[in-house]
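Notes follow the structure.
Predicted, not measured: the structure shown is a model, and the values here were computed from it.
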Protein chains: 2
Amino acid sequence: MKRSNTQKLKDALEEDIINGQLLPGAKLDHDALAAKYGVSRTPIREAIQQLVVSGLVTVKAKKGTFVAKVGFDQLIEMFEVMAELEGMCGRLAARRIQPAELEALRAALHRCEDSDVMSDPDDYYYENEEFHNCIYTASHNSFLATEARQLKQRLKPYRRLQLQTRNRVSTSVNEHRRIFEAIEKGQEYEAEQQLKEHVLIQGTRFSDFVSQVKTFGNSSQETS
Amino acid sequence: MKRSNTQKLKDALEEDIINGQLLPGAKLDHDALAAKYGVSRTPIREAIQQLVVSGLVTVKAKKGTFVAKVGFDQLIEMFEVMAELEGMCGRLAARRIQPAELEALRAALHRCEDSDVMSDPDDYYYENEEFHNCIYTASHNSFLATEARQLKQRLKPYRRLQLQTRNRVSTSVNEHRRIFEAIEKGQEYEAEQQLKEHVLIQGTRFSDFVSQVKTFGNSSQETS
DNA sequence: TCAAATAATATTGACAACAATATACAACAA
DNA sequence: TTGTTGTATATTGTTGTCAATATTATTTGA
């Protein structure tokens, strides 16, 4: 399958935004990008338009297009919704999970625990994602899974700001353990609540951090 | 504020899809649309690309672009998520609603009741939307409200298939009354559950209907 | 010095034309 | 009939160019 320049551009920019290569507020200059990637303005333009629809990029009319910088309040709102979606995944997973899926989830949990022992936050970050992905799958609602993943991506540029202390990781693993047990036992309500809290704690810790960094909401960053 | 052709096209197509002028599966021919709206292919192309991102349109490579025809299973999944989002709105509204908002909700409820008396389904449809919009606002989570509205739009092309019996309308109003009371009394859990059910009942009735119409999933419709 | 008017510039939108690719169709052969 | 090959066609992607509009910079006049 051959993908168009527009699609490749879109993916590349999305990556850069999610991974923090392009910080919120950074300007996306059409001509500069066209030069960088060796294409004309059209595919750039189209890629950016699509990113606008999905919410990762915003345009200020006649001022330029910028990596979306979501305000503090909206960030809280987004975490609130994220928690709800994750909770729903947990509830459905507790009801619908299949034996093989349960084993996959157990394995993912163990990998989280291992990376905890080694105190490698980056590794944990990946395993953590896998754990949650297992729950998405087990919810047997692929539309929900897609929506959840999409929202998580939109939040990622800001989760980099979270402080990943050793303590937080071990706490997180404990939460995972409780979530797993609830799903294993088919306790829908418990699984939902645990997952909601799990996400909201992240959100709270995050917002505590952000509210300390006063410069955040106002700083205007340019392209590196 | 001046809107571009691309934006106008996008809105126009969106409207046509949501209101059933363009049925799921209908082909969107670039050249035909360009001729119809008297513009070149570029704005058409860009408008369509954006609709693809938001899920209303799909492209089959080298076969053409079509109004998205979501399968029966995915439709169920979407209703499941819709119910969750509406339930969340209700829960938050019960906690956060302001006096003025409560009065607006009460007024919307009364308008639903009135349109029930007159047995005018079309009118009820509109007032029903207003009622739910009031709840969205009262949730004080504008991100959630946007997501809910967006998903509702994606479902709209299929809700046309629902049978709007007089009976259903009066039942619906009763549900609205219970929802309103729960929100008024600040009963978060009750409001959430009532709203979830309210949506799921629609979804169930709908799926009952769809599963009878065998031809639905397979029929390939062309542009009118 | 300040403010209004004007010029220069950047952003954005749109078009026509060209190019590449995959599909559908038809002619042909087995 | 069935299958294969080649040709025509439709779809899709990309480019260079032009045009419209708003912002920024500069000049001008008081």
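- Atom CZ in A:R41 sits about 9 Å away from atom P in C:dG13, given to the nearest Å.
- When rounded to the nearest whole Å, the span between CD of A:E46 and C1' of D:dT15 equals 12 Å.
- Distances were taken from every side-chain heavy atom of B:T65 (C-beta onward) to each of D:dT12, C:dA14, D:dG13; the shortest belongs to D:dT12.
- Atom NZ in A:K60 sits about 12 Å away from atom P in D:dT24, given to the nearest Å.
- The interatomic distance linking B:F66 (CZ) with D:dT12 (C1') rounds to 13 Å, in whole Å.
- Rounded to a whole Å, the NZ atom of A:K10 is 16 Å from the C1' atom of D:dG13.
- Counting any heavy atom pair closer than 4.0 Å across all strands shown, B:N5 reaches sugar-phosphate atoms only and no base atom.
- Between A:R111 and A:D123, no side-chain nitrogen of the basic residue sits less than 4.0 Å from a carboxylate oxygen of the acidic one, so the salt-bridge criterion is not met.
- Checked against a 6.0 Å centroid threshold, the rings of A:H176 and A:H110 do not count as neighbours.
- Among D:dT12, D:dT21, D:dT17, the nucleotide with an atom closest to any side-chain atom of B:K62 is D:dT12.
- Distance B:K63 NZ to C:dT21 C1': 14 Å, rounded to the nearest Å.
- With rounding to whole Å, A:R45 atom CZ is found 19 Å from C:dA10 atom P.
- As a whole-Å value, the separation of B:Q49 CD from C:dA14 P is 14 Å.
- Between A:E101 and A:R106, none of the side-chain N atoms (NZ, or NE/NH1/NH2) sits under 4.0 Å from a carboxylate O, so this pair counts as no salt bridge.
- Where A:T42 and A:V59 each meet DNA chain C at their nearest nucleotide, the meeting point lying more 5' is that of A:V59.
- The base-pairing partner of C:dA30, taking Watson-Crick or G-U wobble contacts with both distances under 3.5 Å, is D:dT1.
- Taking 4.0 Å as the cut-off between side-chain N and carboxylate O, A:K196 and A:E84 count as a salt-bridged pair.
- The distance from the CD atom of B:E188 to the CE atom of B:M88 is 11.5 Å, given to the nearest 0.5 Å.
- Closest to the side chain of B:H30, from the set D:dT23, D:dT12, C:dA14, is D:dT12.
- Proximity note for A:K27 (side chain, C-beta onward) versus C:dA14, D:dT14, C:dT11: the nearest is C:dT11.
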